[in-house]
Amino acid sequence: MNSDKSGYTLTLHNSLTRKKEVFEPLDPQRVTMYVCGPTVYNYAHIGNARPAVVFDVLARLLRRLYPHLVYARNITDIEDKIIKAAAEQGVPISTVTQKYADIYRNDMGTLGVLSPDIEPLATETIDGMISMIARLIESGNAYEAEGHVLFNVPSDAEYGALSGRDRDDMVAGARVEVAPYKKDPADFVLWKPSTDDQPGWDSPWGRGRPGWHIECSAMIEKHLGETIDIHGGGIDLQFPHHENELAQSTCAHGGKTFARFWLHNGFVNIEKEKMSKSIGNVLLVHDLIKEAPGEAIRLALLNGHYRQPLDWTAEGLAQARRMLDRLYGALRGLADVKAERGANDGVPPAFMEALCDDLNTPKALAVLFDLASRANSETDPGTRAQLKSELIGAGAVIGLLQMDPEEWFAGAGLGPNIEAEEIEKLIAARNAARKEKNFAEADRIRDELAENGIQIEDGPQGTSWRVAG
Ligand SMILES: [Zn+2]
């Protein structure tokens with residue numbers, strides 16, 4: 001066992017090599033991780049929450065091992081689905097994207113997901129996309145045709161390496177439109193023309209907008225550099241999105257390695273069925289947090305290994321709640337002793353070793369339960385203080401058990417007793433009061449929210465809220 005936290009060996013399953021490999025950052029002074037974030041035009045479902053939670057755990061773990069982590073998770077705020085939603089509502093796209101980006105941040109915050117270090121917006125990276133597309137044309141990897149710019153897949157001999165697909169699969173798997181200007185059916189769009197009523201930016205190829213894939217490549221280049229340590233996302237993004245990101249970035253950088261490690265989390269099914277609108281079983285995080293504590297939803301998502309498919313069930317969520325009752329019950333039993341931060345900030349080596357083994361959260365949770373059972377039968381005050389410190393210290397690494405146990409049992413574990421729409425209305429009223437310098441009213445609204453178990457925080461991105469814990 002290592003007593004020094006830097007003594008842990010982190011292994012991660014790399015989708016590109018299909019192997020578990022020892023992870024060492026290229027530069028320990030600047031460890032870089034990028035995860036594809038939401039396209040903000042509607043509410044996030046539980047399948048969207050899984051990568052947010054899984055990579056939040058990885059970010060917390062990496063920060064313990066390497067204090068200089070730069071974690072970027074983007075917001076896709078220009079995309080055809082957003083344009084369609086805005087047109088249907090008769091509002092500018094920014095009205096739709098700001099609303100759903102805020103809801104996403106709040107909902108993920110309720111699940112204990114910490115904000116990434118950088119949250120780049122696609123619409124703030126258009127110059128970088130245009131520059132990258134121009135370089136791809138220059139290098140012969142892309143071509144202009146009828147106002148579009150397309151990436152020419154046969155120009156990249158390595159294309160397909162990440163998803164392991166052969167050419168026929170790729171053509172069948174890509175959403176192939178009947179586009180006569182495509183040189184090859186697998187070619188994909190980097191830039192496309194916008195009509196006058198569609199949002200667009202001036203470019204050397206006329207007024208238009210980017211394709212989805214180029215957004216991530218350009219945001220990574222701008223904020224993290226040409227080679228990053230880890231690229232993450234859901235398995236549904238491996239093809240074509242990540243395959244295309246890989247092709248664009250590698251070709252734009254003269255063959256330089258784009259992402260050293262690719263990590264993908266498994267699908268989320270609902271009660272053994274695929275989640276789909278047609279079945280009507282899409283579970284929105286926004287609804288779930290009204291029924292269950294965010295911490296229980298988080299635990300239910302971490303109860304299986306991240307690479308495995310996760311079967312989301314009502315019973316699984318109820319079980320996660322009971323698990324938290326047990327863990328918080330152990331902490332409540334330790335109320336008379338003070339947690340003492342000993343070696344490793346209280347994080348037991350067995351817990352760290354489990355997480356360092358390709359983020360084995362089920363094994364790490366088993367260590368937590370072992371600590372809880374020992375706490376329940378231990379009588380020595382010194383050992384009990386140490387167990388308390390270990391429960392809280394280990395919990396922090398996976399974003400659990402940071403609440404006062406009395407608060408959990410008093411009902412913080414029950415979820416907010418106020419509708420999200422009502423919370424947002426109150427926050428807007430408070431912001432209006434603050435603008436008018438009516439601070440008494442602003443404070444009154446803050447107190448009203450607090451009475452309903454909602455904690456608010458003012459930041460540069462505006463006011464965010466979360467269920468108090
Ligand atoms: Zn992406």
Side-chain angles (χ1 to χ4, degrees), residues 14-16 32-42 44-45 47-56 58-59 70-82 97 100-101 104 108 113 116-126 128-133 136 151 153 156 159-163 165 170 173-175 188-192 209-253 257-267 306:
N14 189 347
S15 306
L16 186 62
T32 48
M33 175 161 85
Y34 182 89
V35 172
C36 297
T39 300
V40 281
Y41 67 102
N42 62 7
H45 57 63
N48 305 133
R50 193 178 190 194
V53 169
V54 162
F55 291 104
D56 177 62
L58 181 56
V70 188
Y71 172 26
R73 189 190 63 209
N74 76 298
I75 299 267
T76 292
D77 61 346
I78 174 74
E79 221 265 74
D80 286 0
K81 289 189 222 84
I82 297 171
T97 57
Y100 287 104
Y104 179 83
M108 294 310 129
V113 174
D117 301 300
I118 308 175
E119 195 184 51
L121 300 180
T123 54
E124 289 174 355
T125 324
I126 302 288
M129 296 177 207
I130 291 174
S131 145
M132 189 178 269
I133 294 169
L136 287 169
F151 185 92
V153 167
D156 176 17
Y159 191 89
L162 177 61
S163 57
R165 293 186 185 222
M170 285 189 285
R175 271 176 273 169
F188 58 89
V189 167
L190 301 173
W191 188 261
K192 56 187 159 190
R209 60 192 191 279
W212 171 37
H213 315 299
I214 195 74
E215 297 181 5
C216 287
S217 284
M219 286 186 269
I220 290 170
E221 179 185 72
K222 177 176 171 183
H223 294 282
L224 300 179
E226 296 188 347
T227 300
I228 60 171
D229 287 308
I230 298 173
H231 193 312
I235 187 74
D236 52 319
L237 297 184
Q238 191 174 24
F239 185 85
H241 182 57
H242 289 165
E243 193 75 65
N244 292 355
E245 275 188 42
L246 174 59
Q248 292 159 169
S249 295
T250 311
C251 292
H253 301 144
T257 298
F258 172 43
R260 301 174 57 241
F261 280 73
W262 286 88
L263 267 68
H264 292 100
N265 64 271
F267 280 110
Y306 78 93

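Count residues from 1 along the sequence. In each ligand, atom 1 is the first atom listed, and ligand 1 is the first ligand listed.
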Intermediate values then yes/no, side chain to side chain contact (heavy atoms under 4.5 Å, CB included), Leu263 and Leu58: CA-CA 10 Å; Leu263 267 68; Leu58 181 56; 3.7 Å; yes
Under 2.8 Å: N/O/S of Cys216 next to the Zn ion (ligand 1):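 An N, O or S atom of Cys216 is closer than 2.8 Å to the Zn ion (ligand 1), so yes.
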His213 near the Zn ion (ligand 1): N/O/S under 2.8 Å: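 Given the 2.8 Å cut-off, His213 does not count as a ligand of the Zn ion (ligand 1).
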Modelled atom types, side-chain donor and acceptor of Ser217 and Ser249, under 3.5 Å: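 Yes.
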Glu245/His231 under side chain to side chain contact (heavy atoms under 4.5 Å, CB included): CA gap, chis, key distance, verdict: CA-CA 10 Å; Glu245 275 188 42; His231 193 312; 2.5 Å; yes
Opening angle at the Zn ion (ligand 1) [OE2, Glu245; NE2, His241; to 10 degrees]: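 Taking the Zn ion (ligand 1) as the apex, the two atoms subtend 80°.
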Aromatic contact, Phe151 with Phe188 (centres under 6.0 Å):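 Yes, they do, as the ring centres are separated by less than 6.0 Å.
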